[in-house]
Amino acid sequence: MTKYDKLVPRFLDYVKVETRSDENSTTIPSTQSQVEFAKKLTAELTTIGLENVRISDKSGYVFAELKSNLADDTGVKKVGFLAHMDTADFNATDVKPQIVENYDGQSDIKLDPAGNYVLSPAEFPSLKKYQGHTLITTDGSTLLGADDKAGVAEIITVMEYLVAHPEIKHGDIKIGIGPDEEIGTGSRQFDVADFGADIAYTVDGGPLGELEYETFNGAQAKVKFIGKDVHPATAKGIMVNAIQLAMDFHALLPKDEVPEKTEGRQGFFHVLDMQGTVDQASLTYIIRDHDHQKFEQRKQLMKDIAAKLNEKLGQERVVLELKDQYYNMREVIEKDMTVVELAEQAMKNLDITPEIYPVRGGTDGSTISFMGLPTPNIFAGGENMHARYEYVSKQVMEQAADVILEIIKLAATK
């Protein structure tokens, strides 16, 4: 029997449920599988003994709370913990997690019997940190779903632990498990007033110690290219090749400002989908930068390139659609660092070194912070997220649960 004996079984149960989001959907949540998973969670949370368990009609979030057991909770902040139920757009059907006990920190881990997919320290040096750990991996055919079902399992396991240990004093605790984080839409309908927390944390980070309150500013660009398809034998002066237009557009972007050539606070343009025929083509990009002014300049550059090509063509054949996704939450949180300092102290109390750095991504906390609820991000344990080489350490998941519990204890003394 361990402190969190249900943590790993709960996580393994969750990852076997397919809950991908769908950016082409117009529903909230974007997929029915998330609706069903939300119902599963509400039943579980009710059984555990949490109160006010419900699914928000507005956002699709599962909300629940554990009431304060303090004799006087005046001035004690109501702390919220958030995670997301959806997984990334990689095969997530029929997930078969594998357990590697007492990993030696140096051997290759064969994911599939044929050895087509191998977790190797030579390719993934992060494995070297996990000597003696129990690792949970995929079988090579799917992602794992530690992003963010590790966070979901950790939050719910801590709530269950607190219900079983009423001697641990705490204020009001709010939890929220949301849909559609991976497509950047889940938190847009989040209801801060309904959630009811004073401060909150997304449990959606990676390795041990991650504590993030600075994210990218993010936008999506969809570019449509309208061609004119005629027989190539008589094409001179008539044909407009949409594929070539797409290539011309991309060539006018800074070639070194891409994810594979940038780090730290360096922003980028990332083309992540391309479709095309001579008649019509499209490119989809994400635009990222920590600096808001540079972020706006990146969007303007795309507008300028589209305008330049259209002027050259004499008509609008390049159609640009820009959509902001989220903003750098540092702008909000740095006004009052209490929420960060609380998590930092919790980690130090547990002999965990806080790793605070600008995350090259975004979380639901980015959007929620701008709604008035400061929401930095703390680690959940996943590595190599979003694909077949994803894995997580059992011990780090337990440490993430410990951090959640320690934050709750510390908040009760403020």
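Start at 1 with the first residue, then count along the sequence.
- The nearest pair of heavy atoms linking Val15 to Leu12 is CG2-O, 3.4 Å.
- At distances below 3.5 Å, at least one donor-acceptor pair connects side-chain atoms of Asn328 with backbone N or O atoms of His290.
- No more than 12 heavy-atom neighbours from other residues, nucleotides or ligands sit within 6.0 angstrom of NZ on Lys224.
- Contact annotation: the side chain of His250 never approaches that of Met274 to less than 4.5 Å [non-hydrogen atoms, C-beta and beyond].
- Note on Glu182 versus Arg20: no salt bridge recorded, every NZ/NE/NH1/NH2 to OD/OE distance being 4.0 Å or above.
- Taking the six-membered ring where the residue is Trp, Phe195 and Phe63 present tilted rings, their angle falling between 30° and 60°.
- Contact check on Lys6 versus Glu160 returns a salt bridge, with a Lys/Arg side-chain nitrogen under 4.0 Å from an Asp/Glu carboxylate oxygen.
- One side chain, Gln32 or Glu36, offers a donor N or O that lies under 3.5 Å from an acceptor on the other.
- The existence of a salt bridge linking Asp13 and Lys40 is confirmed by a sub-4.0 Å separation between a basic side-chain nitrogen and an acidic carboxylate oxygen.
- Judged by distance alone, with hydrogens and angles left aside, the side-chain atoms of His84 form a donor-acceptor pair with the main-chain N or O of Asp86 at under 3.5 Å.
- Classification of the Tyr391-Tyr130 ring pair by plane angle, with boundaries at 30° and 60°, yields perpendicular.
- Counting only distance, with no hydrogens or angles, the side chain of Arg360 and the backbone of Gly264 share a donor-acceptor pair below 3.5 Å.
- Nearest approach of Phe379 to Val203, heavy atoms of both residues: O-CG1, 3.7 Å.
- Residues Tyr285 and Met302 are in side-chain contact: their nearest non-hydrogen atoms beyond the backbone lie under 4.5 Å apart.
- Atom CD of Gln345 is surrounded by more than 12 heavy atoms from other residues, nucleotides or ligands within 6.0 Å.
- Remark: Glu263 CD is loosely packed, at most 12 non-hydrogen atoms of other residues, nucleotides or ligands lying under 6.0 Å away.
- Counted by atom type alone, Asp147 and His386 present one or more donor-acceptor pairs between their side chains at under 3.5 Å.
- Using modelled atom types, no side-chain atom of Asn217 and backbone atom of Ala219 make a donor-acceptor pair closer than 3.5 Å.
- Checked options Ile183, Asp89, Thr284, Thr185; the residue passing with Glu23 is Ile183 (criterion: side-chain contact (heavy atoms from CB on, under 4.5 Å)).
- A donor-acceptor contact shorter than 3.5 Å links the side chain of Thr42 to the backbone of Lys39.
- Scanning all heavy atoms of the two residues, the minimum distance from Arg188 to Asp324 falls at NH2-O, 3.8 Å.
- Side-chain contact between Lys129 and Glu383 is present, with heavy atoms from C-beta onward closer than 4.5 Å.
- At least one donor-acceptor pair under 3.5 Å links the side chain of Asn310 to the backbone N or O of Val318.
- Using a 4.5 Å heavy-atom cutoff, the side chains of Glu334 and Glu214 are not in contact.
- Within the 4.5 Å cutoff, the side chain of Lys3 has heavy atoms near those of the Asp402 side chain.
- Residues Ile55 and Gly60 approach most closely at CG2-O, 4.0 Å, considering heavy atoms.
- Atom CG of Asp57 sits in a sparse spot, with 12 or fewer heavy atoms from other residues, nucleotides or ligands closer than 6.0 Å.
- Lys348 has a carboxylate O that lies under 4.0 Å from a charged side-chain N of Glu344, or vice versa, which qualifies the two as a salt bridge.
- Taking the side chain as every heavy atom from C-beta outward, Phe225 and Ile243 never approach each other to under 4.5 Å.
- Side-chain atoms of Leu45 and Ile175, non-hydrogen and from C-beta on, do get closer than 4.5 Å to each other.
- Atom NZ of Lys299 sits in a crowded spot, with more than 12 heavy atoms from other residues, nucleotides or ligands closer than 6.0 Å.
- For the residue pair Thr277 and Asp279, no side-chain donor N or O sits within less than 3.5 Å of a side-chain acceptor on the partner.
- In this pair, Phe295 and Tyr327 present their aromatic rings perpendicular. The plane angle is above 60°, beyond the 30 to 60° band.
- Using a cutoff of 4.0 Å between basic side-chain nitrogens and carboxylate oxygens, Glu65 and Lys78 are not scored as salt-bridged.
- Residue Thr138 comes nearest to Leu111 through the heavy atom pair O-CD2, 3.5 Å, listed as atom of the first residue, atom of the second, then distance.
- Between Ile226 and Gln315, the closest side-chain pair of non-hydrogen atoms is not below 4.5 Å.
- Of the N and O atoms on the side chains of Ser120 and Asp108, at least one donor lies less than 3.5 Å from an acceptor on the other residue.
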